[in-house]
Every structure is written in C-alpha cells, then in structure tokens.
Amino acid sequence: MMARMRTKWPRCPFVLRSITAVLMLAACTRERAPEQVKQPAATQLPAAGSPRATAPLPAEDGQWTMPAKDYSGLRYSQLTEITADNVKNLKPAWTFSTAVLRGHEEGPLVVNNTMYIVTPFPNLLYALDLTKPGAPVKWSYDPAPRSEAQGVACCDVVNRGPTYADGKIVFNTLDNHVVAVDANSGKEVWKTKVGDINTGETMTMAPLVVKNIVLVGNSGGEMGVRGWLKGLDLGSGAVKWTAYSTGPDSSVLIGPRFKPFYPKDKGKDLGVSTWVGDQWTIGGGTVWGWITYDPQTNLIYYGAANPGPWNPDQRPGDNKWTSTIFARDPATGDAVWAYQMSPHDLHDYDGVNESVLVDVPWKGQTRHVLLHPDRNGYLYMIDRTNGEVLSAQPFGFINSTAGVDLATGQLKYVDSKHPTLGDVVRDICPAAPGAKDWQPSSFSPRTGLLYIPHQNLCMDVQSVEANYIAGTPYVGMNVKMKAGPGGNRGVVTAWDPVNARPAWEIKEDLPVWSGSLVTAGDVVFYGTMDGWFKAVDARNGKPLWQYKTGSGIIGQPVTYRGPDGKQYVAVMSGVGGWSGAIVAGNLDPNDSTAALGFAAAMRDLPSKSTKGGTLYVFALP
Amino acid sequence: MDRWTDGPARRILTAGVLTGALLFTACRREERRFRELPPSTTPTTVRVSALQPGTMVDTMHVANPYENNAYAQTEGQRLYNAYGCVGCHANGGGGMGPALMDDKWIYGSAPENIYTTIIQGRPNGMPSFAGRIPSYQVWQIVTYVRSLSGLTPAGSRSARTDDMMMYDGSQALPKHVAPKQSFRPPASEMP
Amino acid sequence: MLQVNQSVLHAAGPRAASTEHLWWFAFIVAAVVYVLTVGALFWAIASARRREREGELRPEHAHDRMTSGVGAGIAASVVILLVFLGYDLSVARTRDPVPKQHPVTIEITGRQWFWDVTYADTSPHGRFTTANEIHIPVGQPVLFLLSSSDVIHSMWVPNLAGKKDLIPGYTQSLWFQADTPGVYRGQCAEFCGEQHAKMAMEIVAQPLTEYRRWVASQSGPGAPPADSVTKRGQEVFLTGTCAMCHSIGGTPAGSHVGPDLSHLASRRTIAAGSLPNTRGNLAGWIIDPQRIKPGAKMPPNMLEPKDLDALLTYLQSLK
C-alpha cells in the first residue's frame, strides 16, 4: 500500500504546475494591448520666415455681414486697434439681454452701424442701433415659431445666427421657416416653410447667401430625417433647388459634372445602393453646419451629418452620402465633387464642420485647399478644386480609427471599438461630439495658423435597437461620455497646415464650445463654458486677458468698427447647446445617459454656470 | 385523524400551511394581466393647477391600476424604450425632454397627470400619443415613469439590469425622499 | 405545397438524415441489448428455479462463471459504447464545419414570440426582412446566423436539422439542406416565456427558380394602395397603433417591435404559425391577440368596423 501511495504523489506537482501555467497564460491574454492609438503630433511653432498658409482677403469695412465674416470662413478681422499688447485693457462697453435663457450659439452681425442678433427659440431677431449710446433696440421681429418644435430639437433649441445680403437679414427658425426681414425697417419680406417638424426636422444653422441664392440646410439626424441643402431665391424666397444627402443621384443632384476623386465614391445611385431597402429615406446626412464659398472655383463647400440611427448594425452599407463633404455649384446645386470621410459611421461623426478655404504651400506647390477639422478627429486638408485629400492628421486623441489611407481615401476603423448590440464598448475616443463639434475655427493669414476651439472627450456606448416612429428620436445607443486622456475636457489648438501639426495648444477644464475669432492685432478670442471670455496671443497662445461674463459662452465672437471709429468685440453669453444641455434643460446627472451621454461628462457644469442670455460688447477705454 | 393533529405532525402541517399562505402574498407583486380593464380607469377630471376659484375641492387622484405591480413596471420600461421615450428623456435624466427622475414635474406627478401628458402631449414639445398607445399600456408607462423618481413602492421596483450602468454606484434607482406630488415648472420657462 | 409530417424520423435533408440513422442505430442496438439482457434474466430465473425444483446443487466454479459472466458483460458494454462513440463522432464531424458553398445566408433574430428573418446579401441593398416563413432552395446548403434580442430561444426544424439555441448577445451558426421540396414546420425548442408553445416557423423548400421568384417578390417595398379602401386601410395602419410596432417597406412605418409586414399576404400563417393566414383569422388577431396568444406583446385594437375592414383589405394586398 505504501509503495502505491508514494508513486501517486510525484504526478501531482506536475499536474499542479501545468494547471497553474495554463491559468497564468489565460490571465495574460485577458488584457489586449491597445489598438493603434493616435496622438496629435507634438506642438511646435512654425520657424520664422517659413512658408505659411495664406488666404486672399476682402477689403476690411469694419462690419460683419455674414456668419464667418467672409466667404472663405476665416473669421479674421483686419482691424488693428486691439493688439496683443493692449488687449489687457479691454473693458465691457455695453450689454444687452436677449430675454431668452437657452443656449446662445449665435454670433451677432454688424451692418450699417446696426447689430443684428437672432436668439435661440423663439428665434427673436433684434436690431440694435449702434449709433446711439447703449445700443438701444431699433426694432425687433418675432417669427412666432411653433413651440412644439422644441420637442424635436436634439441638442438644445439653438440658432447659429443670421446672414445679411442685399438689404435683408435672412435667418432660419426652429420650426423650419427661412425668413427674410428688411434690415432697415424690420418688416418681413418673405417667409418660406421648407420642412416639417412632424418628420422630426428642425433648423438651427446660419444661412449663407451666394449670388442671390440663400443656402439653408435642415437638422434632425437623430430623428430619422433625410438631410438636404436648399437654394432659395433671395428676392422671393422661392425654393430653386434641393440637394438631398441620400437617395438616387437625381435627388442628390449628382449628374455629368460630378467627378469624385476617389474610386470608393464613384458609382451610380450610391445614395441608394449603400443602404438596405429604403432606409436612405430616414438616413440622416442633415446639413446643419457651415457653408463656405470660393468665387474662383464657383463652388460652395459644406458637409453632411451622421447617418441614422447611431446603431450601425441597423444600417449595413457605406450609407452614402452621410459624413461627406460636398462641393456644389451654388446656382443650380449640381454636385461637382464629394468625399465621404466616415463611410458607415459608427460613432456619430457628422461631417458638418467648417471647411476653411486657404492656400497652402504643399510639396513645392501652392494648393488651393479647404481645412476641415472633422468630428472624427482628423484635420483634412483637401484640394478644393477636385477633392483630393492632401493630408489627414489627428488634431485630438483618436483610438476609434487608425488613420486615413491617402491612396484610397478610406478611413480605417478599429474593430475593437465597433459598437455591438447589447454589449458595452468602452473608451471610444473621440466621443460622439467628436474631437470638434460645430464650434467654428478661425484662420489668420498673418500667422498662417488655424485656431480650433474643441474638446477632448471619450465615451462608453451600448447599442440597442432603434425603432423608427416619425417625429421621435431614432438613435439606438446608450452613451456615457467622460474626459479624454489628460483629464481636460477642452482644448484650443493652433494648427499649422503647412507642417500638418499643432503649433500650440491651450488646455481648458470644460469643452471649448464657443467659436474663435482672430484679428490682425494677433489676438485670438474664445469663450469657456463657465463664462470666461478670453484673449490669447495668436502667435504663441499666451493668455492676455479674460473677463467673467454672467453665463457660459458658446457663441461666436465677432469684432467690428463702431460709428465712433473704435474697435469693438462682441460675444453672446448664455450656456446651453448639446454640451450645456444639463444646465439649459435642467437635466438630472444621476442618469449618465442623459443628453445623449453628455450629461455624464458635464456633471460639474451646473455649479460653474447658470442659464443666461446676454450680449457683451467690449472695447478699449 | 389523530395522526394529523398530534405532536410533530401538527407542527409540520401548520408550518406548511403558513408557508403556503406566505408564498401567495407575493403573487400580487407580479400579477400578469393580459386583457385589460375597460376605460373606467381613464381619468376624466385632471387638474394641472392647484388653484381652484372659490372653495377648494380635494383633488381626486385616480389610482394607477398598476402602482404595485412589478410586471406592469417592467412592461412600462419595455414600452418606454420601444416607443421612443428614451430618445428624449434618456433613462430618466432627460435630454430633448425634461428629466423624469428628479422632483420637478412641470405638468404634475400624480398618475393621472402623467397619463394625460402622454395622451394629450404638451405645447413645448411632448408629442400626443392619443390613438397610438392603448390605454393600459399608457398606465404601464406611467408606472415606470413614476418609479424613475421613486414614487412607486420599493417592493415592485425591478432589480439591476445587465445593461450599461446608467446610474453611478449601485444599479438601483437613486434613493431620495419621495417628493410630494406637485407641479413645479422650471422658473422662467413657458409652461 | 404539402406540409410534411413534423418528425425527426422523416428526414428530408442530409443533416436530419444522419441524425435519423444514428437514432435508428441506437434504437436497434439498444433493443437487441435489451432483448438479450431481459432474455438472459429470464433464463437465469428459469435456470435457478429448475435447479431448485430438481434439487441440484450450485455447480462448482459457479463463482468463476459469475466473474467471467460479469466480465463478459462489462466488455460487451464497453465495446458497444465505443462503437456508439465512434459512430456519434463520425456523424458529428459531418455537421460542422459549414460547407464552403452556401449561396443563401439567413440571419434569424429570435424575439418573444416570433422569428425575425433577414436574408443577407453581398450588397446591403439586396437584404430584406420577413418573419416566420423562411423559403430556401432545394438541394443547396443554407447557412443560418442565429441570435436573439431578448431571451434564449432555440431553432428546431426536426425534418431538416437538430436544435440550435439563439442566445442574446451572441451569434451562432447553423446550416442545413433540404433535399425534397415541401413545407417543414419548425418550432422554438427552448422555453422562452408565455407563448413559447406557439412560436413556430415554416421552412418552405422550393426548386431554385421558384425560390428566386419568391426572393424577387420579397425584396421590394410593400405594395402601394391601389384603390380608396386600401388607401384608407393604409391610413388606419399609419395613424393608429400599428405603426408604433410594425414596419412596412415604402411607408413611414419602421418599427421593429413586431414582425415586418411588407409582404404579409404572401405568408401561409400568421402569429408565428398559430393561425392560417385568412381574412377572418387576421381580423381576430388584430382585434384581440390576447385571446389567441395571451401574453403576446401585441395589444388588443378596438377598431371601428369600417376601419378594420379597410385595414384588412390593405394588409391582404401586401403580397
């Protein structure tokens, strides 16, 4: 018996060792190494005297007549009274309360010594007389939009501002009307209904007028809305053409002039064949962002938003033409080229951000490009004559994709960050608002830098099934956002297009949801969501001045020359928008998925900013 | 007869009867009624204001037929997700629509108030679901909505789900003192 | 199309055939062993009683005989079990992997209590969705990708293959082939709630040309209304409770809570095989589904008689 027992034992340690080894190996494979991560290239100032990006400038008239001041989207003023040296003396000159307490994403216009402001819902239009002290209201116009429209606006009831052309102020209302008002008298000239809230459509974007065509687009990619851009006649308000973002070529206005650069964007009726059945009719691709125009190429440039629903498994296929940059003829709407940045988008990466038109020395030639900081985190530099992507470098932290293949134009998705039905996928960067959302950048031909206000957020998602019921949300995703690497939720990046990397960066605690403004005095202005209006040196990002306004700033700063010859800087203060929805909508942060996940990342906002609605105008004493 | 009434047998029998009775008390929590009552439970007078000109009459609150019912509450949750409520109100935190898990009720938190809000819609963007959702399903949704802010008995509330954690810390609904049923439109908002 | 007897012993395809053969083999071997065992038992009893009657002593070496008898029994059992194991393994090896040529891929999502069926295609535009009734071409292997949106279900078409679970959050695959045309009934084989018993499906195996014709008819949107009554029916559908849960291609109805109805009129049954697809049954189902399938997610719909009539006309036009 003893002999038998002794022969048993030597086997056990071997078995034990093998089992332990196997378990250790199993533990090793549990954590996979992170996928190809993308870091923005190190900040570096461009060398003095090195070639830089430029842009032709219209003559400076001291006014601000369209949302980005000029057709190229530069948001650059040639006024030089305020400089990096004296901006520290800037003081508030006067203020104006809009009587509305929702998110103020708009920027004021200044035309003929009158300032024009369009408020968030109910979209009141104010004309302020700058010739009188304190800028009293000259007249106001109430378009009386339907209050039910508030129920189908995904991201606070904002309005991104009016535009001016031919003696008329033109703007959009939340309930899908385009309105033209006489700039002097305030009388309505025409009002055209272009959409229907019962399909989930609203309008929030700032129109652009090119050659007497008013260009407007809809919102509603989270509501199963089919996106479009329309051209209306400036004189009568009649719709002259409609260019849809999905559907057959005939409705996308793709015809013989259409020459996309990449093979992946070539083919017939791709706006139908890259969708299942008739899902393109509820496919998204709304046009709620910025439009720029190049008189040389005679093309307008704009982007289409995300496909719907957010749950990608419900819409197999490339889902054209969502998340796409279009170049169109403004008179007819005909598409001349298009580039789809995020085919079969997985993370709500809309393509609607601004395309700033500059000329860049690139590989020994001067190229006429557009600079497009996209939601997906890449700063696209695209030849605006033909749609060729010259470079696509990350301007924020990205792990959801592994780069853009410049040969094919294809975005390379990372499989481990693909949302799966019922599963939770964690730490997807950038989050749904992207590395940058709608907030527009500005460009200075003096420094050659693009000043990008943006955010640094990541998210956890769980995709669920979405049911399409017209007029209700069509999303299919539970989202929870959080700060990205480094913990700062906001960034201002000065991007050097020639070297395709940041020149300098400013980290902010809260997402920088306001637009930026740059002047010939080498000052960059932007606002933070806790109410600080800041001025920094355009050359190196050094903070120069700041002023605490009454509420968070998410609007577009502008600068103008007043009737007295002084330079003024104006910005709206009133927090809200998608990032500030927790305050504007009184949301409850106990639910991390509130406001499509943004509330989770902004739990501290209610303690840092209350609601507001005030215009602040600053000047040197 | 004696065998069943004497000594240990009697104790066992008593214990068995009591256990059986105890088990039956759990049934009401999860009673599943598939064919619902006719509209007599639909409220007729619903007040959205506490002001009454002249002498006050006590507001008659309609009893929610599903208040204690766990099955109805989980059905309410299923319908809340399927019919798009989650798209505007998230999982109670709000978004396009107001938060449902806090104690601010613009149009009232009584069951009949929530019922009429869903059926009639509201001018600031709540769609009207009359004719789209059957009455008993609306009551189920009412039950779930009230549970989001802790207004339903704790016993019928569902336990944690397997989904992404919506709420920090424990998966259970946040505990707070049950708010009085009230109307509290946010200041300076239109009703 | 004749409905084939739903039985494991009526195999109509190679997978079910191998299961059937295995079953018969096991049955026969077990029967033989049973007969031999019982026979040996009777013989032992008879033999002992005879010895008792005749007063014989237990034979010598009885202990050895018993040992060798037990040993023989154990050896025989081991041999038979090994034969079973070998046959079973060889049958199992023929089932997986999926044969390389599978022209038809069908994604099935189990829902309480119906089968949500999507025919996959290389291009997204070729995909289409239907419910409960699955057509396949005869003589070709078909691959099914199985998942569930709520609880665990199980797909079982006894004439064609064994059971495979549909597990939420997980995609399983199952392939089989039908060698003779016919209608094969299948059902859910994993308890999934109140109406598990009435969650049936029909596999309709057709010759290739008929199958292609069916696919072409199912791919398009639901037929648009042709006359005023049908138009009114579509209005009733879209403005009432129906569009909250059902989808019909070519209309704004796009909800996935209930089955897709774009081609409802082309199906043989409704309510996951519970009722033949006739106007009367459809009317009863719409008015009060809880009478037929208590606990089903579809609520009763008290429609006005004229509205119900128009709705039925519209639904019956969706071929």
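These numbers come from the heavy atoms of this one structure, side chains and all, not from hydrogens, waters or symmetry mates. Each chain gets a letter, A, B and so on, in the order the sequences are listed, and its residues count up from 1. Everything numeric in this text was worked out from a predicted model, so none of it was measured.
Considering only heavy-atom pairs separated by less than 4.5 Å from chain A, the leading option among B:Gly93, B:Gly97, B:Cys88, B:Gly95 is B:Gly93. For the options A:Gly597, A:Ala600, A:Ala595, A:Pro473, heavy-atom pairs under 4.5 Å to chain B are most numerous at A:Pro473. By number of non-hydrogen pairs under 4.5 angstrom with chain B, the leading residue of A:Ile197, A:Asp156, A:Asn467, A:Val157 is A:Asn467.
To the nearest 0.5 angstrom, A:Asp588 atom CG is 12.0 Å from B:Asn91 atom CG.
Of the two parts of A:Val100, neither the backbone nor the side chain holds a non-hydrogen atom closer than 4.5 Å to a non-hydrogen atom of chain B. Residue contact with chain B, scored on non-hydrogen atoms closer than 4.5 Å, is absent for A:Asp423. Interface remark: A:Leu596 contributes no atoms to any contact with chain B (heavy atom separation under 4.5 Å). In this structure, no portion of A:Ala599 lies under 4.5 Å from any heavy atom of chain B.
The heavy-atom pair separating B:Ala90 from A:Ala594 by the smallest distance is CB-CA, 3.6 Å. Heavy atoms only, all atoms of each residue included: B:Asp102 and A:Asn586 are closest at OD2-O, 4.1 Å.
Residues of residues 80-87 of chain B having a heavy atom under 4.5 Å from any heavy atom of chain A, listed by number: B:Ala82, B:Tyr83, B:Gly84, B:Gly87.
The 12-atom threshold is exceeded at CZ of B:Arg78, counting heavy atoms of other residues, nucleotides or ligands nearer than 6.0 Å.
Using a 4.5 Å cut-off on side-chain heavy atoms (C-beta onward), A:Met223 and B:Met96 make contact.
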